[in-house]
Amino acid sequence: MTDAEDIAWQKLDKRTLGVTTAGMLGVCVAIGVPVTSGLINNDALPVPLVLLLVLAGVVVVVGAVVLYDYLRIRKTWFRVTDEKVELRTGILRRQHRAVHRERIRTVDVHAHPLYRVFGVAKVHIGTGEHAESEGSQLTLDAVSRSFADMLRDDLLTRPAPTVDSDEPVGEPPPVLAEFDLGWLRYVPVSIWPGVLGVAACGVAWQITDWFGLRDSVLGQAAELIRELSLWTVIPLAVVVVLVVGLVASLAFGVEAWWNFRLQRTGDTLQVRRGLLIHRSLSLAEDRLRGVELVEPYGARLLGGGRLEAVATGIRDNKPDQPGEDTKVLLPEAPREIAQRVAAEILREPESPTTADITGHPRAALRRRLVWAVAAVAVVEAVLVVIGLTVTSILLHVAWISALVLLPGALFVAIENYRNLGHGHTADYLLVRYGVLARRTAALRRSGIIGVTVRQSPFQRRLGLADLTATTGAGSGAFTAYDADAAEALGVAGRVVPELLDPFVVRD
């Protein structure tokens, strides 16, 4: 064992300053061009003075940020010993943090295009704690790419495998799944084309304002409406927005999942993906508590779904663009492939997500229908009251919106009910839920640390109850909503009898 005191402290890679400089110059150009254009178009100041002021602002902002990053690098040290990873940071307020190696469960290597140009990467080291406290994670921003890859492999190496493996010694790691261009067919049926199309229109509208073209654009739009009529322009605009959004979402999907590869190295699962931004996530299997099959409505219609890990130590963040969730082990793919990969990930002959699911009573459907009608009634009541007291136009808005909102709300209620279910096998508890995206979680019974059976007064009258299994992984808890109360108690008693039996009085 190497003495920790004999291991020298290391600094972050100085090429990070190049990343910071290039990034800030890009930000300044993105902000400075419209600002300069606006000042020049408004004739507020002479053109030479405008250019001088903008250039001076760029120099000050870039210089200040680069200076701060230089001081950050100068005041940051780290070292990796046989026992722990240590990190010292702080310019004015010093911090010394350490994570013991036996607690490390995930190592995420991330490199966006600028990082790749300068040959560096960010390394996020996570432990098995569900909450991300200061002692549960370390981030090295940034180190050389080769060192990041070596560090990931080294930190996740265990003295002895915790999971039985029949892999031949010396053979390359088995590949569980690779990206297929055919999987892109699930992108057009997702929500992203509409969202990104509207966002692109908003950006274009803002750009026209920066360059003083808004009045001209509005005039051209009015002329087009006079020539083609409003009922022709509106569908045409919708088509344009969807086409723009589809192209953007396909681009995001290709960028996020190009070169995707899921493979097993010993007792570690590794996900590598990304065209411009390289991402690499390594997950120790001894922290895997199960998997979740997620089937968004559009993908489900085409027979597709994605796989997410239910594991401790994974950051449970919300994706801000397609493919940005760190829990995803497999993107939207044919359901048969997702089931096969789930079985291989869990080392089972077949995926537990294929087991029989018990639906929930019709009373659960009635509850959702009542909620849907009540929600629409509240909205319409507000519109009617304002229409009677302020302007009669809202009375017409009320009945028109009711024709749209009520069928939509009823559809969501029915779909939510259809997605409810639960079940169990010899080794797994299954929970199905979701509104438009159906989620089927297969939780290892050995990883369940608690169960809760909860009833509200309304549920008690209908004989319903919520069954919640706590795992300390993923979102921390998985709930079978509005299940039959007797059935919920029976399932909990069969799945984790050692937890529930002390609290159950049997007839």
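Reckoned from all heavy atoms, side chains included, excluding hydrogens, waters and symmetry mates.
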Taking every non-hydrogen atom, the tightest pair across [X] and [Y]:
X      : Y      : answer
Ala413 : Ala372 : CB-CB, 4.0 Å
Pro352 : Ala442 : CG-CB, 3.7 Å
Arg145 : Ala111 : NH1-CB, 3.9 Å
Leu87  : Thr139 : CD2-O, 3.9 Å
Ala465 : Val453 : CB-CG1, 3.9 Å
Glu332 : Pro296 : OE2-CG, 3.5 Å

List in chain and number order the residues that pass side-chain contact (heavy atoms from CB on, under 4.5 Å) with [X], two or more places apart in sequence or in another chain; answer none if no residue qualifies.
X      : answer
Pro334 : Trp183, Arg185, Tyr186, Glu336, Ile337
Asp69  : Thr16, Leu17, Thr20, Arg72, Ile73
Ser351 : Gln339, Ala342, Ala343, Thr353, Thr354

If you draw a 6.0 Å radius around [atom1] in [X], do more than 12 non-hydrogen atoms from other residues or ligands fall strictly inside?
X      : atom1 : result
Arg454 : CZ    : no
Glu348 : CD    : yes
Phe458 : CZ    : no

Are [X] and [Y] close enough that some pair of their side-chain heavy atoms sits under 4.5 Å apart?
X      : Y      : value
Val451 : Thr470 : no
Phe179 : Asn259 : no
Phe147 : Gln10  : yes
Leu346 : Leu288 : yes
Ser144 : Arg15  : yes
Val310 : Leu443 : yes
Leu269 : Gln263 : no
Leu430 : Asp356 : no

**Ionic contact status for Arg306 with Glu308, cut-off 4.0 Å** =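 Salt bridge between Glu308 and Arg306, a charged N being under 4.0 Å from a carboxylate O: yes.
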**Ion pair check, Arg101 and Glu86, cut-off under 4.0 Å** =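 Result for this pair is no, no salt bridge flagged.
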**Request:** Scan for ring pair (Phe, Tyr, Trp, His ring centres under 6.0 Å) pairs involving residues 348-376, sequence neighbours excluded, and state none if there are none.
**Result:**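 Checked against ring pair (Phe, Tyr, Trp, His ring centres under 6.0 Å) - neighbours excluded - the pairs reaching residues 348-376 are His360-His422.
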Hey, what do you get for [atom1] ([X]) to [atom2] ([Y]), rounding to the nearest 0.5 Å?
X      : Y      : atom1 : atom2 : value
Leu176 : Leu262 : CG    : CG    : 4.5 Å
Thr268 : Leu155 : OG1   : CG    : 11.0 Å
Asn419 : Leu436 : CG    : CG    : 8.0 Å
Arg97  : Thr89  : CZ    : OG1   : 6.5 Å
Ser282 : Asp149 : OG    : CG    : 9.0 Å
Asp82  : Asp154 : CG    : CG    : 8.5 Å

Kindly say whether [Y] contributes a backbone atom to a donor-acceptor pair with the side chain of [X] at under 3.5 angstrom?
X      : Y      : answer
Asp13  : Val120 : no
Arg287 : Leu283 : no
Glu255 : Ile277 : yes
Arg264 : Glu344 : yes
Arg445 : Thr425 : yes

Taking atom types as modelled, find out whether [X] and [Y] have a side-chain donor-acceptor pair closer than 3.5 angstrom.
X      : Y      : value
Gln459 : Asp466 : yes
Thr452 : Thr468 : no
His100 : Glu83  : no
Arg272 : Gln270 : yes
Tyr115 : Asp141 : yes
Arg432 : Thr440 : yes

**Message:** Using salt bridge (Lys or Arg N to Asp or Glu O under 4.0 Å), reason through Glu292 and Arg438 one step at a time and then give a plain yes or no.
**Reply:** CA-CA 10 Å; Glu292 196 168 17; Arg438 184 171 68 189; over 6 Å; no
**Request:** Quick one: list whatever passes ring pair (Phe, Tyr, Trp, His ring centres under 6.0 Å) with Tyr428, sequence neighbours left out.
**Result:**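 Here no residue qualifies.
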**Asked** For Phe260 and Leu330, what are the C-alpha separation, side-chain angles and deciding distance, and is it a side-chain contact (heavy atoms from CB on, under 4.5 Å)?
**Response** CA-CA 9 Å; Phe260 163 77; Leu330 182 75; 3.8 Å; yes
**Item:** Row check, Trp258 ring normal vs Arg273 NZ/CZ: under 6.0 Å, within 45°
**Value:**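 So Arg273 doesn't make the cation-pi contact.
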**Request:** For side-chain contact (heavy atoms from CB on, under 4.5 Å), just list the numbers for Leu184 and Val254, CA-CA rounded to whole Å, side-chain angles, deciding distance to a tenth of an Å, and then say yes or no.
**Result:** CA-CA 8 Å; Leu184 292 177; Val254 170; 3.7 Å; yes
**Request:** Show your reasoning for whether side-chain contact (heavy atoms from CB on, under 4.5 Å) applies to Leu196 and Phe252.
**Result:** CA-CA 10 Å; Leu196 295 179; Phe252 276 122; 3.4 Å; yes
**From Arg460, Arg366, Arg367, residue fulfilling salt bridge (charged side-chain N to carboxylate O under 4.0 Å, His left out) relative to Asp482** =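 Running salt bridge (charged side-chain N to carboxylate O under 4.0 Å, His left out) over Arg460, Arg366, Arg367 with Asp482 returns exactly one hit, Arg367.
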**Request:** List the steps and the verdict of side-chain contact (heavy atoms from CB on, under 4.5 Å) for Val341 and Leu307.
**Result:** CA-CA 8 Å; Val341 173; Leu307 279 181; 3.8 Å; yes
**Request:** Examine Tyr481 together with Tyr417 and report whether their ring centres are nearer than 6.0 Å.
**Result:**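 No, they do not, as the ring centres are separated by 6.0 Å or more.
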**Trace of the side chain to side chain donor-acceptor pair (under 3.5 Å) decision for Thr76 with Arg88** = CA-CA 5 Å; Thr76 300; Arg88 290 179 177 176; over 6 Å; no
**Request:** Any pair with a residue in residues 408-426 that passes salt bridge (Lys or Arg N to Asp or Glu O under 4.0 Å), sequence neighbours left out, goes on the list, sorted by first then second residue, please.
**Result:**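 Salt bridge (Lys or Arg N to Asp or Glu O under 4.0 Å) check on residues 408-426 returns Arg300-Glu415, Glu415-Arg418.
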